[in-house]
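For reference, positions follow the sequence shown, starting with 1.
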Amino acid sequence: MRLTETVLDAPDARALADFYLRLLPGWGVWRDEGDPDWVRIRPPGGGAGLAFQTETAYVPPVWPGRPDRQRMMLHLDIEVDDLERETARAVAEGARLADFQPQENVRVLLDPAGHPFCLYTEATDASQ
């Protein structure tokens with residue numbers, strides 16, 4: 001048994017897949033069956049990927065969560081080398097910076113469908 005992908009619902013599967021293809025260098029469409037409501041992408045060299053499914057009743061989650069609103073069920077963590085540069089690039093590609101930022105070495109963003117995702121850098125410890 002192996003995990004092959006994480007599926008994100010969206011009002012437009014192809015549009016959200018296109019955003020993540022621009023965000024994640026080297027990733028490509030995997031097994032494109034021409035279905036506009038289902039798109040799968042994978043990293044170079046294989047491994048678990050992302051899939052996008054059109055959901056006409058999709059309601060974006062709020063960040064941070066509130067009991068009276070649609071809650072986030074998961075989020076993606078994406079490690080980057082340069083947090084400021086990659087945050088600016090993500091915003092230029094269509095992401096939105098979340099109002100609440102909980103950590104110094106993490107930037108919470110919302111993709112075009114409203115899914116929260118994090119860009120982060122590993123905190124370095126000079127003693128190690």
Side-chain angles (χ1 to χ4, degrees):
M1 182 182 314
R2 66 186 177 105
L3 176 67
T4 58
E5 59 205 8
T6 298
V7 180
L8 298 174
D9 291 345
D12 182 336
R14 285 238 175 246
L16 192 57
D18 287 345
F19 166 77
Y20 280 99
L21 285 169
R22 292 189 310 271
L23 185 69
L24 301 167
W27 284 52
V29 174
W30 185 67
R31 292 188 184 172
D32 185 359
E33 292 141 13
D35 183 349
D37 296 326
W38 180 258
V39 183
R40 302 162 94 179
I41 67 173
R42 290 281 190 274
L50 296 172
F52 306 91
Q53 175 176 292
T54 297
E55 173 55 64
T56 57
Y58 174 75
V59 176
V62 295
W63 169 259
R66 293 186 3 208
D68 62 330
R69 301 284 302 277
Q70 176 66 38
R71 293 186 186 188
M72 169 182 67
M73 297 183 76
L74 62 87
H75 72 273
L76 304 175
D77 283 345
I78 302 168
E79 185 177 6
V80 297
D81 293 326
D82 184 323
L83 189 57
E84 294 303 317
R85 183 184 71 228
E86 294 301 333
T87 298
R89 192 172 71 77
V91 169
E93 294 294 354
R96 183 169 50 89
L97 194 62
D99 292 334
F100 179 64
Q101 298 294 322
Q103 296 166 284
E104 196 67 28
N105 66 327
V106 176
R107 292 296 172 273
V108 180
L109 295 107
L110 306 172
D111 71 21
H115 298 285
F117 68 96
C118 294
L119 300 181
Y120 74 96
T121 57
E122 282 293 333
T124 56
D125 182 351
S127 67
Q128 293 184 359

Quick check: does any side chain N or O of Gln103 sit under 3.5 Å from a backbone N or O of Asn105, one acting as donor and the other as acceptor? no

Arg107 side-chain N/O to Thr87 backbone N/O, donor-acceptor pair under 3.5 Å: no

Heavy atoms of Pro43 and Gly49 approach each other most closely as CD-CA, 4.2 Å

Would you say Gln53's side chain and Ala13's backbone share a donor-acceptor pair under 3.5 angstrom? no

Could you tell me whether the side chains of Asp77 and Tyr120 share a donor-acceptor contact shorter than 3.5 Å? no

What are the two closest non-hydrogen atoms of Pro36 and Arg14, and how far apart are they? O-CG, 3.5 Å

Is the side chain of Asp37 donor-acceptor paired with the backbone N or O of Thr54 at a distance under 3.5 Å, no angle test? no

Side-chain heavy atoms nearer than 4.5 Å, only ILVMFWY residues, links allowed to pass through others: does that put Phe117 and Trp27 together? yes

Is there a path of hydrophobic side-chain contacts, each under 4.5 Å between heavy atoms of I/L/V/M/F/W/Y residues, joining Leu50 to Ile78? yes

Work out which heavy atom in Leu110 is nearest to a heavy atom in Pro116; give both atom names and the distance. CD2-CA, 3.7 Å

Nearest heavy-atom neighbours spanning Leu119 and Val80: CD2-CG1, 4.1 Å

Measuring from atom CG of Asp111 to atom CD of Glu93, what distance do you get when rounded to the nearest 0.5 angstrom? 13.0 Å

Are Leu109 and Leu74 joined in one hydrophobic group, where the rule is that I, L, V, M, F, W and Y side chains link up if heavy atoms are under 4.5 Å apart? yes

Return the minimal non-hydrogen interatomic distance between Ala95 and Phe19, and the atom names on each side. N-CE1, 3.7 Å

What are the two closest heavy atoms between Arg22 and Arg89, and how far apart are they? O-NH1, 2.9 Å

Without swapping roles, check the side chain of Tyr58 against the backbone of Ala113 for a donor-acceptor pair under 3.5 Å. yes

For Phe52, the option from Tyr20, Trp38, Trp30 that meets ring pair (Phe, Tyr, Trp, His ring centres under 6.0 Å): Tyr20

Return the CG to NE2 distance between Leu16 and His115, rounded to the nearest 0.5 Å. 5.5 Å

Shared hydrophobic cluster, Val7 / Leu24 (ILVMFWY, side-chain heavy atoms < 4.5 Å): no

Working note: Leu76 + Leu8, criterion side chain to side chain contact (heavy atoms under 4.5 Å, CB included); need CA distance, chi angles, decisive distance, verdict. CA-CA 10 Å; Leu76 304 175; Leu8 298 174; 4.2 Å; yes

Atom pair CG/CZ of Asp99 and Arg96 - distance to nearest 0.5 Å: 7.0 Å

One should read off an interatomic distance between Thr121 OG1 and Leu83 CG, to the nearest 0.5 angstrom, of 5.5 Å

